[in-house]
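Read through the structure below, which is laid out as structure tokens, and then see the notes.
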There are 2 protein chains.
Amino acid sequence: MPDFIIDNRLYYNPVEFVMDKIGGAYKMPILWRLKDKNCRYSELKKSLSHISDRMLSKSLKELEQYAFISKEIFAEVPVRTEYSITEKGQNCIPVIESLRNLGLEWMKNDDS
Amino acid sequence: MPDFIIDNRLYYNPVEFVMDKIGGAYKMPILWRLKDKNCRYSELKKSLSHISDRMLSKSLKELEQYAFISKEIFAEVPVRTEYSITEKGQNCIPVIESLRNLGLEWMKNDDS
DNA sequence: CGGAATCCGGAACGATACTG
DNA sequence: CAGTATCGTTCCGGATTCCG
């Protein structure tokens, strides 16, 4: 298994690469929220009720940086911002769904 | 999206639960190595060339704790230990493969 | 409203040395 | 061979504050 250098960072395998991009506690849940509906910052914040502003802000920025989501600002008063999922983000949904199902299965069996 | 309390730990969604069990930089790669071949500690160590003993040992122990892998000790001289994947672990393989493919795709397009 | 910047503690992690 | 113990560092993530 070869190593990869992407964006000046070293990865040892493709899974690690994916994890770096959409891993962690929040990114996949955010993508999941956006999969069929654009959301405003405050909607996401409410939906992921436990998340801090710092982490939501940080996660959104990183997801946007790598084009998993995009952000549109409407010059209204007050300003409105909407986040939407991109095609690249949509490509992650099946995997996230599989992960979800796996988790639901484990939880059901309570053999954690 | 409800919360879950499992094993005295709070999870906010199924994905987070899965990530807690097989997330991180090493666990999925380890499962991937074991998917079609039992391995000894030193084989895994060599295969994941960069991993430290500490992390390999820790990851293996946690994977075993939650029954993703099992460990068999052969009372030979010198002692031989073999790790193998369980059915629960095998159930993760399709998801890991999807993650891998996703990563390979992203890497190919170099749009990281 | 929609964030960004700063500070801070604890958990995660790596390197090294050691052991049955 | 298959790990464990210890130490030092890094970094994740929470709380708080501030800004346009």
Side-chain angles (χ1 to χ4, degrees), chain A residues 3 7-13 15-16 19-30 33-34 37-65 69-84, chain B residues 3 7-13 15-17 19-30 33-34 37-66 69-84:
Chain A
D3 299 349
D7 242 13
N8 235 8
R9 193 184 171 319
L10 175 61
Y11 299 96
Y12 297 100
N13 56 66
V15 171
E16 192 189 350
M19 284 318 192
D20 188 45
K21 299 307 176 192
I22 61 169
Y26 304 115
K27 289 181 182 170
M28 289 200 259
I30 289 174
R33 292 302 185 299
L34 291 175
K37 171 175 163 301
N38 297 358
C39 284
R40 306 178 58 169
Y41 182 92
S42 51
E43 291 178 291
L44 288 168
K45 169 91 175 170
K46 207 169 103 186
S47 176
L48 305 148
S49 58
H50 54 290
I51 199 173
S52 67
D53 277 324
R54 182 185 193 277
M55 290 316 297
L56 179 54
S57 167
K58 197 161 165 294
S59 302
L60 287 171
K61 191 186 293 181
E62 289 172 21
L63 285 172
E64 191 195 356
Q65 178 184 356
I69 64 175
S70 68
K71 170 182 177 174
E72 192 171 4
I73 303 179
F74 298 92
E76 307 172 351
V77 181
V79 168
R80 183 164 60 92
T81 318
E82 257 192 27
Y83 293 92
S84 60
Chain B
D3 299 348
D7 242 12
N8 234 10
R9 191 183 171 320
L10 174 62
Y11 299 96
Y12 297 100
N13 56 66
V15 171
E16 192 190 350
F17 181 56
M19 283 319 195
D20 188 46
K21 298 308 176 192
I22 61 169
Y26 304 115
K27 289 181 182 172
M28 289 199 261
I30 289 174
R33 291 304 186 297
L34 292 174
K37 170 173 163 304
N38 296 359
C39 284
R40 306 177 59 167
Y41 183 92
S42 50
E43 290 177 292
L44 289 168
K45 170 88 177 171
K46 208 169 102 186
S47 176
L48 304 148
S49 59
H50 56 291
I51 199 173
S52 65
D53 279 323
R54 184 184 193 282
M55 291 315 297
L56 178 55
S57 168
K58 197 162 164 298
S59 302
L60 287 171
K61 193 182 294 180
E62 288 171 24
L63 285 172
E64 191 195 359
Q65 177 183 358
Y66 295 107
I69 64 175
S70 68
K71 170 184 180 173
E72 192 172 4
I73 302 178
F74 298 93
E76 308 171 351
V77 180
V79 167
R80 183 164 59 93
T81 319
E82 256 191 29
Y83 292 93
S84 59

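Letters go in sequence order (proteins before strands), and every chain restarts at 1.
Under the side-chain hydrogen bond (donor to acceptor under 3.5 Å, both in side chains) criterion, A/Thr81 pairs with no residue at all, not counting sequence neighbours. For A/Ser84, the side-chain hydrogen bond (donor to acceptor under 3.5 Å, both in side chains) criterion is met by A/Ser70, not counting sequence neighbours. By the side-chain hydrogen bond (donor to acceptor under 3.5 Å, both in side chains) test, A/Arg80 is found to be paired with A/Glu76, A/Glu82, residues two or more places apart in sequence or in another chain being considered. Partners of A/Lys45 according to the salt bridge (Lys or Arg N to Asp or Glu O under 4.0 Å) rule, which considers only residues two or more places apart in sequence or in another chain, are A/Asp53. Judged as a side-chain contact (heavy atoms from CB on, under 4.5 Å), and not counting sequence neighbours, the contacts of A/Ser42 are A/Arg40. Partners of A/Tyr83 under the side-chain hydrogen bond (donor to acceptor under 3.5 Å, both in side chains) rule, at least two apart in sequence or in another chain, do not exist in this structure.
Using a cut-off of 4.0 Å between Lys/Arg side-chain N and Asp/Glu carboxylate O, B/Lys37 and B/Glu43 are scored as salt-bridged.
To the nearest angstrom, P of C/dA12 lies 15 Å from CD1 of B/Ile51.
Residue A/Tyr26 is classed as a sugar-phosphate contact, given heavy-atom separations below 4.0 Å to backbone atoms only.
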Validation: residues 54-64 of chain B side-chain donor-acceptor distances under 3.5 Å, sequence neighbours left out:
unit_1: B/Lys58; atom_1: NZ; unit_2: B/Glu62; atom_2: OE2; d: 3.3
unit_1: B/Ser59; atom_1: OG; unit_2: B/Met55; atom_2: O; d: 2.7
unit_1: B/Glu62; atom_1: OE1; unit_2: B/Lys27; atom_2: NZ; d: 2.6

Quick one: which protein N/O atoms are closer than 3.5 Å to N/O atoms of nucleotides 1-4 of chain C? Pair and distance per line, please.
unit_1: C/dC1; atom_1: O3'; unit_2: A/Arg40; atom_2: NH2; d: 3.1
unit_1: C/dG2; atom_1: OP1; unit_2: A/Arg40; atom_2: NE; d: 2.7
unit_1: C/dG2; atom_1: OP1; unit_2: A/Arg40; atom_2: NH2; d: 2.3
unit_1: C/dG2; atom_1: OP2; unit_2: A/Ser42; atom_2: OG; d: 2.8
unit_1: C/dG2; atom_1: O3'; unit_2: A/Thr81; atom_2: OG1; d: 3.4
unit_1: C/dG3; atom_1: OP1; unit_2: A/Lys71; atom_2: NZ; d: 3.1
unit_1: C/dG3; atom_1: OP1; unit_2: A/Tyr83; atom_2: OH; d: 2.9
unit_1: C/dG3; atom_1: OP2; unit_2: A/Tyr83; atom_2: OH; d: 2.7
unit_1: C/dG3; atom_1: O5'; unit_2: A/Tyr83; atom_2: OH; d: 3.4
unit_1: C/dA4; atom_1: OP2; unit_2: A/Ser57; atom_2: OG; d: 2.3

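Checking B/Tyr11 against B/Asp3 by side-chain atom types alone, no donor-acceptor pair falls below 3.5 Å.
If one axis is set at each end of the helix from C/dC1-D/dG20 to C/dG20-D/dC1 from five pairs, those axes are 50° apart, to 10°.
Taking a heavy-atom distance under 4.0 Å as the criterion, the stretch of DNA chain D touched by chain A extends 5' to 3' from D/dG13 to D/dA15.
Here the straight-line distance linking atom CG of A/Leu48 with atom CG of B/Asn13 works out to 8.0 Å at 0.5 Å rounding.
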